[in-house]
Amino acid sequence: MANPFYSGRRRRNGVWTVLCYSATIFGLAWLALILGALLWKGVEGLSLDVFTKSTAPPGVVGGLLNSIVGSLIQAGIGLAIGAPLGILAGTYLAEYGGGSRLATVVRFINDILLSAPSIVVGLFIYELLVVPVGHFSALAGGVALAVIGAPIMVRTTEDMLNLVPNQLREAASALGMPRSLVIRHIAYKAVRSGLVTGVLLAIARMTGETAPLIFTALGNSLFTLNPTGPMSSLPLIIYEFARSPYAEQQKLAWSGALLLTFAVLALSVSARALSAQAQQR
Amino acid sequence: MSATAIPAASVHSSTMDRARALGRLKFTDTSFYWMTIGSALIVLILLLGVAISLFVGAWPAFREFGFNFLISDAWSPPKEKFGAATAIYGTLVTSIIAMLIAVPVGLGVAVFLTELCWAPLRRPIGVAIELLAGIPSIIYGIWGAYYFRPVMQEYIQPFLIATLGNIPGIGFLFAGPPFGYGVLTAGLVLAVMILPFITAISRDVFDTVPPVLKEAAYGVGATTFEVVGNVVIPYTRVGVIGGVMLALGRALGETMAVTFVIGNATKIQTSILAQGTTISAMIANQFADADPGLFTSSLLALGFILFVLTFLVLAAARWMLARMELK
């Protein structure tokens with residue numbers, strides 16, 4: 001039963017199957033290679049000093065304390081500005097805007113902001129907050145991160161609010177609840193874990209950004225809590241130390257890279273788990 | 001919450017209290033509405049603000065060099081001669097290399113996940129590929145510079161020079177010594193970075209194909225790949241192209257991963273093994289040293305060009321994905 005037409009089709013199918021398998025292995029191999037290198041190089045430099053000392057000039061034992069604290073502060077500023085903005089704008093899109101022209105335009109623009117190059121956002125905040133003030137600041141860095149994080153929260157808030165069944169809103173309205181109370185006490189509560197998902201994803205994205213901070217927070221080798229001055233952060237210190245000729249600074253860069261990656265991946269994995277939970281309900 | 005709680009009615013003036021409570025509710029209701037619409041408007045203003053502020057900052061360079069800025073490959077801070085051609089060229093070439101690799105591989109993974117993969121493994125493998133998208137770009141940069149660049153220099157580039165470099169017609173693409181740093185290395189790192197975007201979106205649009213259509217094709221005896229090629233891909237074409245464009249938008253604007261491995265040479269070279277630069281790498285590298293004036297303005301002009309370029313690509317991508325959703 002050797003039908004040449006049929007065996008040709010089967011062979012082609014086999015070749016494509018193998019190619020798809022190898023594409024997947026190729027993708028997974030990169031993940032393994034990158035995470036493996038991070039663990040290999042990063043663990044080597046980890047010590048208590050990394051968490052208790054600030055960055056130091058070559059020759060002096062230093063750590064990453066100022067960068068870790070700087071990253072937390074700037075992500076905090078970004079969140080304080082970006083979260084209300086993103087959640088409220090997402091609420092407008094889902095609850096009030098619907099298919100109106102304004103909502104359509106905002107949705108489209110938000111989708112573009114979502115994947116706009118972060119370096120461009122950095123230049124924008126540089127023009128807006130660094131040039132007029134005359135010096136770099138952690139505040140400007142935080143605002144740049146807010147611009148990057150807000151669109152993520154707009155998107156998840158809208159998507160999540162759209163999952164709330166309309167009967168729930170109608171039941172609340174029928175009891176005489178005004179619209180804003182329905183949203184805040186019924187809709188938000190129903191999708192609380194979904195909103196948290198958006199916030200976690202935004203924090204993950206903001207913590208990993210480097211490009212916009214170069215022009216805004218600049219970096220600082222000293223420990224500082226002052227948001228109106230330049231401030232260090234993990235991505236910035238990796239950027240600086242990875243290109244340093246000194247072995248101990250390179251080691252710190254890898255330790256920082258390890259901390260940063262696992263923080264970011266832990267955030268996005270927990271966000272994913274939460275959203276899977278939210279959608280199951 | 002406490003502000004909206006209706007106060008306990010007092011005995012003698014319950015109608016008064018009722019009116020006051022209703023008034024307060026109405027007030028919180030309208031102010032909440034205006035807060036949401038205000039936030040939505042801020043999102044609009046942000047994008048507009050990016051465009052305007054970059055254009056204003058770039059204006060001195062545009063006024064000085066005019067249209068020539070786009071096509072000149074000069075980049076000489078001491079002579080105050082600036083042109084964007086080198087950076088635009090590098091941006092396009094690295095993105096093309098990245099797309100050439102990431103599109104077939106990304107689609108292959110998506111087909112694997114939707115058609116071939118054993119169901120219990122589908123989710124873990126999907127999440128693992130998405131983790132690639134979660135890794136910060138600076139990590140790709142440091143990894144590319146320390147691990148990938150030496151491999152390129154020792155093995156891949158000498159191999160390319162010895163084989164493809166001798167083929168007349170395309171040999172010039174693979175000319176020159178193996179530096180390790182270069183346009184090809186940057187393109188390959190970019191490919192790994194955008195691969196998960198292509199996979200994630202293709203998988204989602206592949207999942208929108210009605211199972212009836214696929215079952216009908218299988219029913220008449222089609223092989224898996226005849227089903228993918230003749231049913232799934234034609235049905236989802238617009239969405240797949242949208243996803244690919246979205247990934248292209250990412251590749252065009254990516255900064256950190258590229259800066260570490262491209263070599264940052266401000267010269268156009270035809271060999272893809274040679275060092276080069278991209279718009280974003282150039283801005284990241286030179287901004288700190290730029291004097292205010294024409295130099296800074298030229299870097300902002302580069303930023304503006306990048307913004308316009310990615311805006312067009314992303315807008316087209318979103319338009320296509322929106323068309324896909326209508327189906």
Side-chain angles (χ1 to χ4, degrees), chain A residues 9-10 12-13 16-17 19-21 23-24 26-28 30-31 34 37-38 85 88-89 91-93 96-97 105-106 108-113 115-117 119-121 123-124 127-128 147 150 154 178-181 204 208 210-211 214-215 235 238-239 242 253 257 260-261 264-265 268 272, chain B residues 4 25-26 28-29 32-33 35-37 39-40 42-44 46-47 49-50 53-54 57 105 108-109 111-112 116 125 127-129 131-132 134-139 142-143 145 147 192 195 199 223-225 246 249-250 252-253 255-256 280 283-284 287 300 303 306-307 310-311 314-315 318:
Chain A
R9 282 173 57 203
R10 228 175 49 176
R12 219 167 302 133
N13 190 43
W16 281 107
T17 309
L19 284 178
C20 280
Y21 271 91
T24 310
F26 179 81
L28 294 176
W30 287 103
L31 184 70
I34 292 174
L38 270 174
L85 179 70
L88 285 173
T91 306
Y92 172 77
L93 292 181
Y96 295 110
V105 174
V106 170
F108 181 74
I109 293 299
N110 187 64
D111 278 349
I112 295 210
L113 273 178
S115 24
I119 193 162
V120 166
V121 173
L123 288 177
F124 164 56
E127 288 280 293
L128 192 74
V147 175
V154 174
R179 193 71 185 269
S180 68
L181 288 197
T210 321
I214 304 175
F215 322 117
I238 298 170
Y239 181 53
L260 183 67
T261 310
V264 168
L265 291 187
S268 52
R272 227 172 280 283
Chain B
T4 57
L25 276 182
K26 194 157 173 60
T28 49
D29 204 37
F32 185 76
Y33 172 71
M35 270 159 64
T36 62
I37 206 169
S39 306
I42 290 177
V43 171
L44 268 190
L46 278 180
L47 194 83
V50 172
S53 76
L54 284 182
V105 176
V109 179
V111 170
F112 174 81
L116 299 170
I125 294 183
V127 170
I129 296 285
L131 280 188
L132 266 182
I135 296 176
S137 66
I138 183 129
I139 306 301
I142 182 172
W143 182 82
Y147 280 91
V192 180
L195 171 78
T199 298
T223 62
T224 308
F225 281 85
L246 209 60
R250 288 269 170 173
L252 290 171
T255 312
M256 280 304 140
S280 46
I283 301 172
F287 206 84
L300 287 168
L306 177 64
F307 175 76
T310 46
F311 182 88
L314 293 174
R318 289 301 175 185

Give the ring-plane orientation class for [X] versus [Y], where under 30° counts as parallel, over 60° as perpendicular and anything between as tilted.
X: B:F311; Y: B:F307; result: tilted
X: B:W143; Y: A:W30; result: perpendicular
X: A:Y21; Y: B:F112; result: perpendicular

In terms of heavy-atom proximity below 4.5 Å to chain A, should [X] be classed as side chain, backbone, both, or neither?
X: B:T255; answer: side chain
X: B:L252; answer: neither
X: B:V192; answer: side chain
X: B:A315; answer: both

Region of [X] in contact with chain B, defined by heavy-atom distances below 4.5 Å:
X: A:V154; result: side chain
X: A:A211; result: both
X: A:L19; result: neither

Please report the shortest heavy-atom distance between B:A284 and A:I214, naming the atom on each side.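 Looking at all heavy atoms of both residues, the shortest contact is CB-CD1, 4.1 Å.
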
So with a 6.0 Å cut-off around CH2 of A:W16, is the heavy-atom count from everything else above 12?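 Counting neighbours around CH2 of A:W16, 12 or fewer heavy atoms of other residues, nucleotides or ligands fall under 6.0 Å, so no.
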
